[in-house]
Amino acid sequence: MSNVLVLGANGGIARHATDLFLRGTKTRLTLYLRDSGRLKNVDSSRVRIVEGDVLDFAKLKEAMSGQDVVYANLAGDLERMAKNIVKAMDATGIKRLIFISSMGIYDEVPGERYGSILEPYRKAAAVIEASDIDYTILRPAWFTNSDEIDYELTQKGQPFKGSQVSRKSVAALVVKLAESPGLEVRRSLGVSKPE
Ligand SMILES: NC(=O)c1ccc[n+]([C@@H]2O[C@H](COP(=O)([O-])OP(=O)(O)OC[C@H]3O[C@@H](n4cnc5c(N)ncnc54)[C@H](OP(=O)(O)O)[C@@H]3O)[C@@H](O)[C@H]2O)c1
């Protein structure tokens, strides 16, 4: 039975993933978020809630104790967050990281240039890729709320395929990666609904 730390646990994808972890696996979850009052109806003996900011190194390091996988579902100053996460993982000896980023960070979407809006995502990916962590970076297409799990993957260096993907699909991929040691390690994956 593994232990997964969810950073930014009130995020849209994270809430779907929490639901899928609890319904489909035996994984124990630590839900890390800035305002624990926002999480409603999480009633499971397999869930621990930690209130904290990812930029708070001491708190983050403490929450990492005993974890097997760190799943980061964040927005904002992602470069600073990525640096803190990598540092805390190094300090605690945790190797596995699943990090939600965005399509377009390598200008890999045919016909699109997203420019400076993706700068935090690019810089965070660079921090993670320069580390010796067993990371999987996910680069999802535009999110939809479709109640479906339907996605295909592209690897770094390949042109991105498709333009959208359901939140539930990204969450299902996170759960699969967390449950499958060694799967897509040190990879950066484009995620989209097949067209
Ligand atoms: N919308 C799209 O179509 C699309 C497509 C591809 C990728 N993405 C990106 O994918 C990522 C995940 O998406 P999402 O919809 O699940 O994100 P989201 O709902 O915006 O969640 C991001 C979470 O990050 C948390 N957070 C921000 N700063 C934090 C800090 N310093 N410490 C702790 N938590 C912090 C926020 O917490 P609070 O609740 O405390 O604010 C929020 O819950 C985002 O970066 C998003 O931009 C989006």
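One-based numbering, in listed order, for ligands and for the atoms of each.
- If you check which protein heavy atom lies closest to atom 7 (C) of ligand 1, you get S101 O, 3.2 Å.
- For atom 12 (C) of ligand 1, the nearest protein heavy atom (residue, atom name, distance) is N73 ND2, 3.6 Å.
- A salt bridge does not link R186 to E129: none of the charged nitrogens lies less than 4.0 Å from a carboxylate oxygen.
- Polar contact with ligand 1: absent for D35 (N/O pair, distance under 3.5 Å).
- Residue L74 holds the heavy atom nearest to atom 34 (N) of ligand 1 of all those in D53, L74, L55, I105.
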Please list every donor-acceptor pair under 3.5 Å in which a side-chain atom of residues 54-61 meets a protein atom from a residue at least two apart or in another chain.
from : atom 1 : to  : atom 2 : distance (Å)
D56  : OD1    : A58 : N      : 3.4
D56  : OD1    : K59 : N      : 3.2
K59  : NZ     : E51 : O      : 3.2

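- Ligand 1 lies within reach of P140, whose nearest heavy atom is under 4.0 Å from it.
- For ligand 1, the atoms lying closer than 4.0 Å to a non-hydrogen atom of I100 are 10 (O), 11 (C), 12 (C).
- Across R38, M103, M81, Q164, heavy-atom proximity to atom 38 (P) of ligand 1 is greatest for R38.
- A salt bridge does not link R15 to D19: none of the charged nitrogens lies less than 4.0 Å from a carboxylate oxygen.
- At a heavy-atom distance under 4.0 Å, atoms from both the backbone and the side chain of V54 approach ligand 1.
- Every heavy atom of R139 sits 4.0 Å or more from the atoms of ligand 1.
- Pairs of residues two or more places apart, or lying in two chains, that qualify as side chain to side chain donor-acceptor pair (under 3.5 Å) and include a residue from residues 82-98 are R96-T136.
- Not close to ligand 1: A9, with no non-hydrogen atom less than 4.0 angstrom away.
- For ligand 1 and I13, the ligand atoms under 4.0 Å from any heavy atom of the residue are 16 (O).
- Remark: E108 engages R139 in a salt bridge, criterion side-chain N to carboxylate O under 4.0 Å.
- For the pair Y121 and ligand 1, a heavy-atom separation below 4.0 Å is found.
- Close approach of ligand 1 to G11 (heavy-atom distance below 4.0 Å) involves ligand atoms 16 (O), 18 (P), 19 (O), 21 (O), 43 (O).
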